[in-house]
Structure formats: structure tokens, C-alpha cells
Amino acid sequence: QVQLVESGGGLVQAGGSLRLSCVTSPYTFSSLTMGWFRQAPGLEREFVAAISWSGSSTNYADSVKGRFTISRDNAKNTLYLQMSTLKPEDTAVYYCAARFGGNVYNFRSTYWGQGTQVTVSS
């Protein structure tokens with residue numbers, strides 16, 4: 001079982017920045033394709049970004065391209081999502097996601113974190 005623990009959410013003004021982190025088990029992290037999803041109230045969970053196990057491949061939703069950056073540090077077993085130029089419509093619960101294998105372009109998660117709230121005020 002892969003456990004994912006997110007942190008870094010909070011309240012920020014529009015135009016501001018936040019960095020989310022996700023830590024998982026060290027013996028599995030470097031084998032995982034990982035990503036971020038988000039879910040706003042009343043809406044379905046949607047894909048945000050994904051990154052390959054090596055970090056060499058990434059993929060982003062059109063709505064966040066150029067503003068969000070996904071990265072990972074395999075030595076620290078940590079996944080990151082740097083969010084910049086935040087907008088009120090980015091307000092959602094953000095979930096860390098992972099799976100063994102797969103690819104960043106059709107990312108289907110097997111494992112999920114508990115979620116962290118991001119609220120962007122206008």
C-alpha cells in the first residue's frame with residue numbers, strides 16, 4: 001500500500017503563489033508515476049499535472065500551463081506543485097496521486113492522498 005501525505009495548502013490572494021508537497025514511502029517513490037488532481041465544490045475531480053518516475057516527462061492541464069510547475073525529488077521522496085499567478089478559479093482541494101507504471105499523458109491514479117485545501121481570494 002502506498003501512502004501519500006500532502007501539505008502546503010492555504011489561503012492566498014489572487015496573483016500569489018503556493019507550493020504543495022506530497023511525501024510517500026521511500027522504498028516505492030522512485031518507481032511511481034505521480035501527479036496532482038483537484039476538486040472544486042460541486043465539480044468533478046480534474047487532472048492538474050503529472051510527472052514520470054525520473055522527472056524527465058511532465059504533462060499539464062491547459063488551465064494551469066505556464067502557471068504551475070510539477071517536480072519531484074527522489075532523494076527526499078517528495079513531489080511538489082509550485083503554483084504561481086493563482087486565480088480564484090484555482091480554489092479547490094488538491095490531491096496527490098500515484099501509480100506504478102503508466103504515463104503522464106493518460107494518467108490514471110491508483111493511490112490518493114487525503115487532499116489539501118487551496119483557497120484563492122479575489
Side-chain angles (χ1 to χ4, degrees):
Q1 186 74 4
V2 175
Q3 292 187 325
L4 307 172
V5 180
E6 303 104 329
S7 61
L11 173 65
V12 63
Q13 289 188 331
S17 299
L18 277 177
R19 188 177 77 161
L20 305 182
S21 299
C22 174
V23 179
T24 189
S25 309
Y27 65 89
T28 59
F29 185 78
S30 61
S31 303
L32 296 166
T33 301
M34 301 196 71
W36 293 94
F37 287 71
R38 67 186 182 186
Q39 187 168 19
L43 299 179
E44 293 187 353
R45 190 173 298 188
E46 66 174 0
F47 170 78
V48 174
I51 188 167
S52 62
W53 67 271
S54 66
S56 61
S57 296
T58 58
N59 186 33
Y60 296 91
D62 288 343
S63 58
V64 307
K65 278 182 182 176
R67 300 189 299 120
F68 290 12
T69 301
I70 189 171
S71 63
R72 64 192 296 162
D73 186 336
N74 286 353
K76 295 183 178 180
N77 312 309
T78 304
L79 174 73
Y80 302 102
L81 184 68
Q82 178 67 49
M83 305 184 292
S84 303
T85 319
L86 283 160
K87 305 175 182 180
E89 50 264 43
D90 294 318
T91 295
V93 177
Y94 283 71
Y95 296 91
C96 178
R99 64 166 293 157
F100 290 104
N103 65 79
V104 301
Y105 300 106
N106 188 26
F107 184 61
R108 297 288 186 268
S109 182
T110 304
Y111 305 101
W112 297 93
Q114 81 286 354
T116 185
Q117 177 70 47
V118 172
T119 303
V120 184
S121 63
S122 58

Do NZ/NE/NH1/NH2 and the carboxylate oxygens of Asp62 and Lys65 come within less than 4.0 Å? yes

Taking it one step at a time, do Gln117 and Thr91 satisfy side-chain contact (heavy atoms from CB on, under 4.5 Å)? CA-CA 8 Å; Gln117 177 70 47; Thr91 295; 4.0 Å; yes

When every non-hydrogen atom of Ser63 is compared with those of Arg38, the smallest separation belongs to OG-NH2, 3.5 Å

According to a hydrophobic-cluster definition based on side-chain heavy atoms being under 4.5 Å apart (Ile, Leu, Val, Met, Phe, Trp, Tyr only), do Leu79 and Phe107 belong together? no

Rounded distance [0.5 Å steps], CD in Glu6 versus SG in Cys22: 5.5 Å

Is there a side-chain contact between Asn106 and Phe47 (heavy atoms, below 4.5 Å)? no

Any sub-3.5 Å donor-acceptor pair from Thr119's side-chain atoms to Leu11's backbone N or O? no

Mind listing the closest non-hydrogen atom pair of Ser122 and Ala14 along with its distance? CA-CB, 4.3 Å

Considering residues, nucleotides and ligands other than Glu89, do more than 12 of their heavy atoms fall under 6.0 Å from its CD? yes

Between Met34 and Leu4, is the side-chain contact (heavy atoms from CB on, under 4.5 Å) condition met? List the steps. CA-CA 10 Å; Met34 301 196 71; Leu4 307 172; 3.9 Å; yes

Checking side-chain contact (heavy atoms from CB on, under 4.5 Å) against Val118, which of Val93, Leu20, Asp90 comes through? Leu20

For the backbone of Ile70 and the side chain of Tyr60, can you confirm whether one donor and one acceptor N or O come within less than 3.5 Å of each other? yes

Closest heavy-atom pair and its distance - Thr116, Ser7: OG1-C, 4.5 Å

Side chains of Gln39 and Glu44 only: does a donor on one sit below 3.5 Å from an acceptor on the other? no

Are Arg72 and Trp53 in a cation-pi contact, defined as NZ or CZ under 6.0 Å from the six-membered ring centre and within 45° of the axis? no

Calculate, to the nearest 0.5 Å, the distance between atoms CG and OG belonging to Asp73 and Ser71 respectively. 8.0 Å

Quick check: is Val12 connected to Trp36 through a chain of hydrophobic side chains (ILVMFWY, heavy atoms under 4.5 Å apart)? yes

Does the side-chain contact (heavy atoms from CB on, under 4.5 Å) test come out yes or no for Arg99 and Ser31, once each step is laid out? CA-CA 9 Å; Arg99 64 166 293 157; Ser31 303; over 6 Å; no

Could you walk me through whether Val48 and Leu81 pass the side-chain contact (heavy atoms from CB on, under 4.5 Å) check? CA-CA 10 Å; Val48 174; Leu81 184 68; 4.2 Å; yes

Can any side-chain N or O of Asn59 pair as donor or acceptor with the backbone N or O of Val104 at less than 3.5 Å? yes

Below 6.0 angstrom between ring centroids: does that apply to Phe37 and Tyr95? no

Linked, directly or transitively: Tyr94 and Tyr111 (ILVMFWY side chains, under 4.5 Å): yes

